[in-house]
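Notes for the one structure printed next.
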2 protein chains.
Amino acid sequence: MKRGLNETCNQFFSTLANPTRLAILELLRKGPKNVTEISKTLNQEQSMISHNLKPLENCNFVFAKRKKKERLYSLNKETIEQLFKIFAYHAEKYCPTEGKCLTDRDLQERRRKEAANRLYVTRH
Amino acid sequence: MKRGLNETCNQFFSTLANPTRLAILELLRKGPKNVTEISKTLNQEQSMISHNLKPLENCNFVFAKRKKKERLYSLNKETIEQLFKIFAYHAEKYCPTEGKCLTDRDLQERRRKEAANRLYVTRH
DNA sequence: TTTTCATATGAATGTTACTTCATATTCATC
DNA sequence: GATGAATATGAAGTAACATTCATATGAAAA
């Protein structure tokens, strides 16, 4: 397959395409946090936070530095704030009611329900 | 789970997190194209292109309008060009050799190979 | 009004990513 | 160098997503 924008670009957006990771990024906007703090604030298992921090760090969306026994994670504000800004602008303009932006999955579910409904009407 | 940046944001990035869809977006930078043209240029099945155009359209990353029998898809340049610009800047700065940005999958594979190698060495 | 071209849809299957739990590693302190 | 606290890793199961092939729909032309 023809791929101009390379694997790296896919990686870039894939790393952002996860609710846990987005939550981490949003939390880190407030300032640096260690793993335990993130884990507790987001009410998620520590191992899950670590697993999700890894791709964020690989992509340089967050930076880490040791502080005694802890690892302090901080946000790459330059990149992330810009991205969130674009998103916010786009969402404001195009998804004001959040009524758009449906997944295939949503559409599938909707169809299922419509079909069930049709069936229900037909039955009577 | 605590989720500040909502579902819409995840959707936003998830839609971008796919090589086929990125290829479509990049192609549309050159100008509007219909489904068949996209399909042929990217050398992908028409149904696949259609399936992937749907989320792009849902998120308003592309716009569609009829032209006779065809549907002409065009880019939401405002959003997409900005995103690509940020990505390009970030990649330039942080992944100059594309040596970073490894997935869990990559790391897993690397480990497998290393393990196999260790085993190989041990055998002799 | 049926034929053809262009696109969309559905359902099935394959592929990838996420989550979890158990355990390993790392680093400081005793 | 043993212990404890903080974090990372591995492997397995599960859920989500992408892809494919067959077919349906829609729009124009004959």
Side-chain angles (χ1 to χ4, degrees), chain A residues 1 3 7 10-11 13-24 32-40 42-59 62 64-73 102-116 118, chain B residues 1 3 7 10-11 13-24 32-40 42-59 62 64-73 102-115:
Chain A
M1 172 177 176
R3 289 184 185 164
E7 196 48 30
N10 187 28
Q11 190 94 16
F13 291 115
S14 295
T15 297
L16 297 165
N18 175 291
T20 303
R21 292 195 287 273
L22 286 172
I24 293 174
K33 300 249 177 306
N34 69 33
V35 178
T36 305
E37 285 172 317
I38 298 171
S39 169
K40 283 184 179 157
L42 299 183
N43 199 33
Q44 292 290 132
E45 294 229 345
Q46 172 269 315
S47 71
M48 181 171 171
I49 299 301
S50 282
H51 275 304
N52 279 293
L53 278 167
K54 186 160 37 176
L56 289 174
E57 193 182 1
N58 277 333
C59 282
V62 302
K65 80 172 189 192
R66 275 237 162 253
K67 187 194 169 192
K68 303 216 169 182
K69 288 180 187 173
E70 306 157 27
R71 286 193 98 207
L72 211 55
Y73 283 89
L102 305 171
T103 48
D104 254 28
R105 195 143 207 285
D106 295 327
L107 296 169
Q108 206 171 317
E109 177 129 332
R110 178 197 284 175
R111 269 183 257 115
R112 263 205 315 99
K113 281 182 186 162
E114 283 171 358
R118 275 198 300 279
Chain B
M1 172 178 176
R3 288 185 184 163
E7 195 49 29
N10 188 28
Q11 190 96 11
F13 291 115
S14 294
T15 298
L16 296 166
N18 174 292
T20 304
R21 291 195 286 273
L22 286 172
I24 292 174
K33 300 247 178 308
N34 69 34
V35 178
T36 304
E37 285 173 315
I38 298 171
S39 168
K40 284 184 179 157
L42 300 183
N43 199 31
Q44 290 291 132
E45 294 231 345
Q46 172 268 314
S47 70
M48 181 172 171
I49 299 302
S50 282
H51 275 303
N52 279 293
L53 278 167
K54 186 161 35 175
L56 289 174
E57 193 182 1
N58 278 334
C59 283
V62 303
K65 79 172 191 192
R66 274 235 162 255
K67 186 194 168 193
K68 302 217 171 184
K69 288 181 188 175
E70 305 158 27
R71 286 194 96 207
L72 212 55
Y73 284 89
L102 303 171
T103 49
D104 254 29
R105 196 144 205 284
D106 294 329
L107 295 169
Q108 206 171 316
E109 177 129 333
R110 179 195 285 176
R111 268 183 259 116
R112 261 204 317 100
K113 280 181 187 163
E114 282 171 358

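As the structure is a computational prediction, the values presented were derived from the model and not from experiment. Letters go in sequence order (proteins before strands), and every chain restarts at 1.
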| field | Closest listed nucleotide, where the reference is the side chain of B/Val35 and the choices are D/dT19, D/dT7, C/dT7 | value | C/dT7

| A/Lys33 NZ to D/dA6 P, straight-line distance once rounded to whole Å | 16 Å

| field | Stepwise side-chain contact (heavy atoms from CB on, under 4.5 Å) test for A/Leu53 and A/Ile49 | value | CA-CA 6 Å; A/Leu53 278 167; A/Ile49 299 301; 3.8 Å; yes

| request: Send over the distance from A/Leu56 CG to D/dT7 P, rounded to a whole Å. | output: 16 Å

| Which residues pass the side chain to side chain donor-acceptor pair (under 3.5 Å) test with A/Thr36, sequence neighbours left out? | none

| said: Tell me whether A/Arg66 contacts the main-chain N or O of A/Lys69 through its side chain, where contact means a donor paired with an acceptor under 3.5 Å. | reply: yes

| request: Let me see the working for B/Lys67 and B/Asn34 under side-chain contact (heavy atoms from CB on, under 4.5 Å), right down to the final yes or no. | output: CA-CA 9 Å; B/Lys67 186 194 168 193; B/Asn34 69 34; over 6 Å; no

| task | Calculate the interatomic distance between B/Asn10 atom CG and D/dA16 atom P; express it in whole Å. | result | 12 Å

| salt bridge (Lys or Arg N to Asp or Glu O under 4.0 Å) between B/Glu57 and B/Arg71: does it pass, once the steps are laid out? | CA-CA 12 Å; B/Glu57 193 182 1; B/Arg71 286 194 96 207; 3.3 Å; yes

| message | Both B/Asn52 and A/Asn34 contact DNA chain D. Which one's nearest nucleotide lies toward the 5' end? | response | A/Asn34

| message | Expressed as a whole number of angstroms, how long is the span from A/Leu72:CG to C/dC27:C1'? | response | 16 Å

| field | side chain to side chain donor-acceptor pair (under 3.5 Å) partners of A/Asn18, counting only residues at least two apart | value | none

| Whole-Å gap separating C1' (D/dA5) and CD (A/Glu70) | 10 Å

| By side chain to side chain contact (heavy atoms under 4.5 Å, CB included), which residues pair with B/Lys65, not counting sequence neighbours? | none

| Residue list, side chain to side chain donor-acceptor pair (under 3.5 Å) with A/Gln46, at least two apart or on another chain | A/Ser50

| task | Report the distance from atom CZ of A/Phe13 to atom C1' of D/dC17, rounded to the nearest whole Å. | result | 18 Å

| message | Taking only side-chain N and O atoms of B/Thr36, does any of them lie within less than 4.0 angstrom of OP1 or OP2 on C/dT7? | response | yes

| Counting just side-chain N and O atoms, does A/Asn18 come under 4.0 Å of either OP1 or OP2 of C/dA17? | no

| request: Give A/Ser50 one of three labels, base, sugar-phosphate or nothing, depending on what nucleic acid heavy atoms sit under 4.0 Å from its own. | output: base

Can you name the atoms? Protein N/O to nucleotides 20-22 of chain C N/O, anything below 3.5 Å, with the distance.
unit_1, atom_1, unit_2, atom_2, d
C/dT20, O4, A/His51, NE2, 3.3
C/dC21, OP2, A/Glu45, OE2, 3.2
C/dC21, N4, A/Ser47, OG, 3.1

| Separation of B/Gln11 atom CD from D/dA16 atom P, in whole Å? | 14 Å

| said: Between C1' on D/dA6 and NZ on A/Lys65, what's the gap in Å once rounded to a whole number? | reply: 17 Å

| request: Would you give a per-nucleotide map of nucleotides 24-30 of chain D, 5' to 3', where B means the base has a protein non-hydrogen atom under 4.0 Å away, S means only the sugar-phosphate does, and - means neither? | output: ---BSS-

| So, B/Ser39 side chain and B/Gln44 main chain: donor-acceptor pair closer than 3.5 Å or not? | yes

